[in-house]
Asks: 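This is the structure I have questions about; it appears just below.
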Amino acid sequence: MAEPGGGRPVTVSDVQQLVRRKDEIEAQIKACYELLEGQKGVGMHEPLVDAEGFPRADIDLYQVRTARHNIICLQNDHKALMKQVEEALHKLHAREKEKHARDEAEALAEAMSQNQSLPQAFAKVNAVTPGSPASVSGLQVDDEIVEFGSVNATNFQNLQNIATVVQHSEGRPLSVTVIRGGRRVHVGLTPKRWAGKGLLGCNIIPLQR
């Protein structure tokens with residue numbers, strides 16, 4: 001996002017540079033005040049002539065006048081610079097806010113498009129026994145099954161469909177696709193005998209649609 005006038009966007013380093021310049025000006029103003037303090041403590045408004053109207057001989061008039069002039073100029077510069085710092089910070093904050101809103105909108109759009117493109121699930125895993133073939137394959141509780149070998153949402157009738165596929169695939173890897181956390185995940189599951197019951201070691205329930 002370019003700034004008005006076609007310039008480049010304000011960056012954090014731009015603000016840091018302005019703050020450095022502000023610090024430099026403040027140091028110069030301090031030095032000028034110290035110089036005035038060294039001249040018999042004359043400040044910005046003490047008279048530079050004596051009671052009879054003659055230039056004071058006890059101070060360096062040139063140095064005092066120069067220091068006073070510099071302080072006035074530097075204070076004006078300081079005021080203008082503070083305004084620049086404020087504007088730069090405002091632009092920086094506005095751009096960060098805009099970027100955050102854009103990132104959120106993109107993330108939402110991506111999530112929505114993913115939800116629309118996700119295939120329909122027909123069953124859900126509601127238990128996985130540790131050490132079982134299902135556990136070893138990476139299957140997790142709450143995984144929603146969209147494909148279990150040749151079974152999918154279009155041909156699934158009941159859990160017997162899955163049981164049949166499992167019995168015919170003992171010892172052979174089955175391709176299983178699930179939806180996990182809004183994303184499609186592929187799992188290689190090999191039904192086989194193990195220490196527990198069945199060939200999988202997980203419990204699957206049909207999804208009510």
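Values below: every heavy atom of this structure, side chains too, minus hydrogens, waters and symmetry copies. Treat the numbers as computed from the prediction; the structure is a model and nothing was measured.
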Asks: Between Lys124 and Asp142, is the salt bridge (Lys or Arg N to Asp or Glu O under 4.0 Å) condition met? List the steps.
Replies: CA-CA 6 Å; Lys124 180 178 177 179; Asp142 290 335; 3.6 Å; yes
Asks: Could you give the distance from CE (Met44) to OH (Tyr33), rounded to the nearest 0.5 Å?
Replies: 5.0 Å
Asks: Please give me the minimum heavy-atom distance between Thr190 and Pro173, naming the atom from each residue.
Replies: OG1-CA, 3.4 Å
Asks: With a 3.5 Å distance limit and no angle check, can you tell me whether Arg65 reaches the backbone of Asp60 through a side-chain donor-acceptor pair?
Replies: no
Asks: Can any side-chain N or O of Arg184 pair as donor or acceptor with the backbone N or O of Arg180 at less than 3.5 Å?
Replies: no
Asks: Which distance, rounded to the nearest 0.5 Å, do you find between the CG of Asp77 and the CD of Gln28?
Replies: 8.5 Å
Asks: Using the rule that Ile, Leu, Val, Met, Phe, Trp and Tyr join whenever any side-chain heavy atoms are under 4.5 Å apart, tell me whether Met82 and Ile71 fall into a single cluster.
Replies: no
Asks: Before giving the answer on side-chain contact (heavy atoms from CB on, under 4.5 Å), spell out for Val176 and Phe148 the whole-Å C-alpha distance, their side-chain angles and the decisive distance to 0.1 Å.
Replies: CA-CA 5 Å; Val176 178; Phe148 196 101; 4.0 Å; yes
Asks: Under 4.5 Å between side-chain heavy atoms, hopping through other hydrophobics if needed: is there a path connecting Leu81 to Val19?
Replies: yes
Asks: Check Cys202 against Leu139 and note the closest heavy-atom contact, atom names and distance.
Replies: SG-CD2, 4.1 Å
Asks: Please give me the minimum heavy-atom distance between Ser150 and Val165, naming the atom from each residue.
Replies: OG-CG2, 3.9 Å
Asks: So does Ser135 get a backbone contact from the side chain of Ser132, meaning a donor-acceptor N/O pair under 3.5 Å?
Replies: yes
Asks: Identify the heavy atoms of Leu174 and Ser169 that sit nearest to each other, and give their distance.
Replies: CD2-OG, 3.5 Å
Asks: In terms of hydrophobic clusters joined by side-chain contacts under 4.5 Å, are Trp194 and Val166 together?
Replies: no
Asks: Test Arg56 against Lys40 for side-chain contact (heavy atoms from CB on, under 4.5 Å), laying out the working first.
Replies: CA-CA 11 Å; Arg56 286 173 59 175; Lys40 304 286 184 189; 4.1 Å; yes
Asks: I need the minimum non-hydrogen distance between Ala123 and Ile204, along with the two atoms involved.
Replies: CB-CG2, 3.6 Å
Asks: Where the side chain of Asn76 meets the backbone of Cys73, is there a donor-acceptor pair that is under 3.5 Å apart?
Replies: no
Asks: Please report the interatomic distance CG(Leu48) to CG(Asp50), rounded to the nearest 0.5 Å.
Replies: 11.0 Å
Asks: Crowded around Glu170 CD? As in, over 12 foreign heavy atoms under 6.0 Å?
Replies: yes
Asks: Does Asp14 use its side chain to pair, donor to acceptor, with the backbone of Gln17 at less than 3.5 Å?
Replies: no
Asks: In terms of hydrophobic clustering (I, L, V, M, F, W, Y; side-chain heavy atoms under 4.5 Å; direct or indirect links), are Val185 and Val128 co-clustered?
Replies: yes
Asks: Output the distance between atom CD1 (Ile145) and atom CZ (Phe156), rounded to the nearest 0.5 Å.
Replies: 8.5 Å
Asks: With rounding to the nearest 0.5 Å, note down the distance linking CD in Glu96 to NZ in Lys91.
Replies: 15.0 Å
Asks: Report the C-alpha separation of Arg102 and Glu98 in whole Å, then their side-chain angles, then the decisive distance to 0.1 Å, and conclude whether the salt bridge (Lys or Arg N to Asp or Glu O under 4.0 Å) test is met.
Replies: CA-CA 6 Å; Arg102 196 167 58 239; Glu98 186 184 297; 3.4 Å; yes
Asks: Treat each ILVMFWY residue as a node, draw an edge where side-chain heavy atoms are under 4.5 Å apart, and state whether Ile205 and Leu199 are in one component.
Replies: no
Asks: Can you tell me if Asn161 uses its side chain to pair, donor with acceptor, with the backbone of Gln157 under 3.5 Å?
Replies: yes
Asks: Go through the steps for Val146 and Gln120 under the test side-chain contact (heavy atoms from CB on, under 4.5 Å), then give the verdict.
Replies: CA-CA 6 Å; Val146 294; Gln120 191 184 347; 6.0 Å; no
Asks: Leu189 and Ala134: which non-hydrogen atoms are nearest, and at how many Å?
Replies: CD1-CA, 3.7 Å
Asks: Tell me whether His100 at atom NE2 has more than 12 heavy atoms from other residues, nucleotides or ligands lying less than 6.0 Å away.
Replies: no
Asks: If only atom types and distance count, is the side chain of His168 paired as donor or acceptor with the main-chain N or O of Thr164 below 3.5 Å?
Replies: yes
Asks: Could you go step by step and tell me if Val178 and Val125 meet the side-chain contact (heavy atoms from CB on, under 4.5 Å) rule?
Replies: CA-CA 9 Å; Val178 300; Val125 179; 5.6 Å; no
Asks: Rounded to the nearest 0.5 Å, how far does CD1 of Ile25 lie from CG of Leu74?
Replies: 6.5 Å
Asks: Does some side-chain heavy atom of Leu35 sit less than 4.5 Å from a side-chain heavy atom of Gln63?
Replies: yes
Asks: Tell me whether Arg95 contacts the main-chain N or O of Val10 through its side chain, where contact means a donor paired with an acceptor under 3.5 Å.
Replies: yes
Asks: Please check if atom NZ in Lys22 has more than 12 non-hydrogen atoms from other residues, nucleotides or ligands closer than 6.0 Å.
Replies: yes
Asks: Lys30 vs Glu34, test: salt bridge (Lys or Arg N to Asp or Glu O under 4.0 Å). Steps then yes/no.
Replies: CA-CA 6 Å; Lys30 185 169 178 277; Glu34 284 171 357; 3.0 Å; yes
